[in-house]
Amino acid sequence: MLDKTFIRENLDLVRKKLAARGGMYPLDELMVADAEWKSVVLRSEEMRRQRNEASEVIGKLKRAGNDTSAQQAKVKEISAEIKSLEENMKALEERLNSCLYSIPNLPDDSVPVGTDESANLEMRRWGRAPEFDFPPLDHVDLGLSLGILDLDRAAKIAGARFSLLRNDGALMERALINFMLDVHTKKHGYQEVLPPFMANSTSLFGTGNLPKFAQDLFKVEATDYYLIPTAEVPVTNIYQGEILEQAELPKKFTAYTPCFRSEAGSYGKDVRGLIRQHQFNKVELVKFVEPSASYDELESLTRDAEDILQQLGLHYRVMALCTGDMGFSSAKTYDLEVWLPSQNRFREISSCSNFEAFQARRANIRFRSEDGKRQYLHTLNGSGVAIGRTWLAILENYQQRDGSVVVPEALRPYMGGRELIKKQ
RNA sequence: GGAGAGGUGCUGGAGUGGUCGAACAGGGCUGCCUGCUAAGCAGUUAUACUGGCAAAACCGGUAUCGGGGGUUCGAAUCCCCCCCUCUCCGCCA
């Protein structure tokens with residue numbers, strides 16, 4: 001959510017930056033509603049002032065034993081008018097908020113301008129694609145033949161876009177979770193948290209998932225609970241409504257959670273395999289930082305996520321998303337894309353974003369600066385990294401001619417020293 | 001799920017219809033005092049929106065005592081609904 005006052009005072013800039021994102025946003029409607037709202041507020045405040053004054057007089061007269069029925073009748077009228085003004089105000093507020101809530105964050109000046117992913121900018125690349133002297137299989141064929149992946153049974157249990165891992169497949173998934181958490185806590189200094197896997201609508205509003213993206217979420221019927229689409233939601237909301245001290249910043253958290261996404265609107269996309277699932281595991285990184293530090297923190301957060309891929313020896317590149325390809329709440333996003341031999345291209349495995357104060361304003365997360373002033377802090381997060389996609393990337397990149405898969409060295413201590421996954 | 005207790009400012013904690021943005025204490029800040037420390041004395045100490053202003057300072061207004069609604073001329077205080085915390089019972093991994 002943007003600051004209403006900022007929009008009002010920088011309308012041209014806001015218009016320009018939103019144009020870079022593409023899409024239509026109700027800026028003019030917002031301004032009109034805001035002006036109307038203001039005039040109604042002014043009137044209702046004036047009426048309240050009158051009521052307060054008159055009521056005080058009545059109190060005094062009554063204590064002196066005077067009759068006050070005439071004054072009371074008058075105040076009653078005032079109250080009636082206030083009530084109608086308030087109804088008007090509420091309607092305007094709703095209109096104003098629905099505009100405000102539908103406007104995305106403004107892209108940072110350093111974000112490349114463009115309408116779709118073709119305008120994303122490659123920042124750097126690490127490692128090299130493995131070369132095979134045999135036709136490489138994709139992770140589905142590998143996983144099925146190794147007996148570590150069972151999609152038919154998963155479909156029976158739940159449906160399409162679910163998976164069942166078995167034996168070393170399940171073990172490797174668990175190993176990846178532990179490996180990533182260890183790296184982020186021990187090497188990168190993040191505090192590990194294990195949050196609820198469901199969150200209420202207030203929390204989802206705070207991160208910007210609601211109200212606009214309700215269709216992407218699974219909601220638990222007859223409750224206000226949603227399955228979290230990412231750990232970003234519960235972890236960012238840890239400090240919802242709080243005021244932190246400047247000295248405690250930055251605060252850095254890492255969390256493992258499963259993630260649940262309806263994937264509405266992605267019918268026919270990535271239907272094969274584990275790339276796009278209704279449920280997947282992820283280790284997330286979340287930071288609460290001072291505004292002046294947030295872009296440096298985005299760089300280091302991205303490096304922290306990259307470190308995982310480097311330790312696993314997976315070839316990847318870092319993309320700066322362009323204005324048209326960024327998520328709703330983000331001011332700047334780097335995607336990490338890992339090499340997938342079966343597709344002969346890079347696929348997203350992590351997304352690292354600086355939200356500036358966009359989420360902090362929605363979730364009301366502030367900090368007290370050294371001069372005692374309260375202001376919104378900046379939030380960031382990034383996948384550190386997606387477990388499911390790492391799992392399949394390892395299968396594809398480390399496959400052998402005989403269909404077995406070499407376990408990356410960094411992962412072996414987490415798999416009882418196992419060096420190779422063979423047919424089970 | 002049943003019964004009960006409670007949710008007030010940075011903290012503790014008063015306050016059962018008007019003079020309450022809220023006693024009192026603690027903490028914080030400013031000044032005085034002081035060889036140093038401790039103590040003492042005086043003052044000060046919320047947030048949001050909004051009017052005056054180009055802006056800040058400042059002055060004024062409105063709102064805020066878990067959230068929402070109601071009663072009333074007037075609500076922290078009365079009534080209703082909801083949320084959260086605690087205790088006991090039931091159920092349960």
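We name chains A, B, ... by the order of the sequence lines, and we start the count at 1 in each one.
A donor-acceptor contact under 3.5 Å links the side chain of A:Glu45 to the base of B:rG61.
Although no hydrogens or angles enter the test, the distance criterion places no donor-acceptor pair under 3.5 Å between the side chain of A:Ser383 and the main chain of A:Glu284. A donor-acceptor pair is defined here as one N or O able to donate and one able to accept, closer than 3.5 Å; no such pair exists between the side chain of A:Asn167 and the backbone of A:Gly169.
With B:rA48, B:rG18, B:rU50 as the choices, the nucleotide that has an atom nearest any side-chain atom of A:Ser55 turns out to be B:rG18. Comparing B:rG61, B:rU47, B:rA63 by their nearest atom to the side chain of A:Arg366 picks out B:rU47.
Contact annotation for A:Ser79: backbone-only contact, meaning every heavy-atom pair under 4.0 Å involves sugar-phosphate atoms and none involves a base. Using a 4.0 Å heavy-atom distance criterion, A:Lys60 is classed as making no nucleic acid contact. Within 4.0 Å (heavy atoms only), A:Lys90 reaches sugar-phosphate atoms of the nucleic acid but no base atom. As judged by a 4.0 angstrom heavy-atom cut-off over every strand, A:Leu42 is placed among residues touching the sugar-phosphate backbone only. Nucleic acid contact class of A:Arg361 (heavy atoms, under 4.0 Å, all strands): none.
Under a cutoff of 6.0 Å and an axis angle of 45°, A:Arg362 and A:Phe205 form a cation-pi pair.
The pairing partner recorded for B:rU37 is none, the criterion being a Watson-Crick or G-U wobble arrangement whose two distances lie under 3.5 angstrom. Of the nucleotides present, B:rC59 is the one that pairs with B:rG51 by Watson-Crick or G-U wobble criteria, both distances under 3.5 Å.
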- Message: Between A:Ser163 and A:Gln277, does the side-chain hydrogen bond (donor to acceptor under 3.5 Å, both in side chains) criterion hold? Intermediate values first, please.
- Response: CA-CA 8 Å; A:Ser163 59; A:Gln277 300 268 287; 3.1 Å; yes
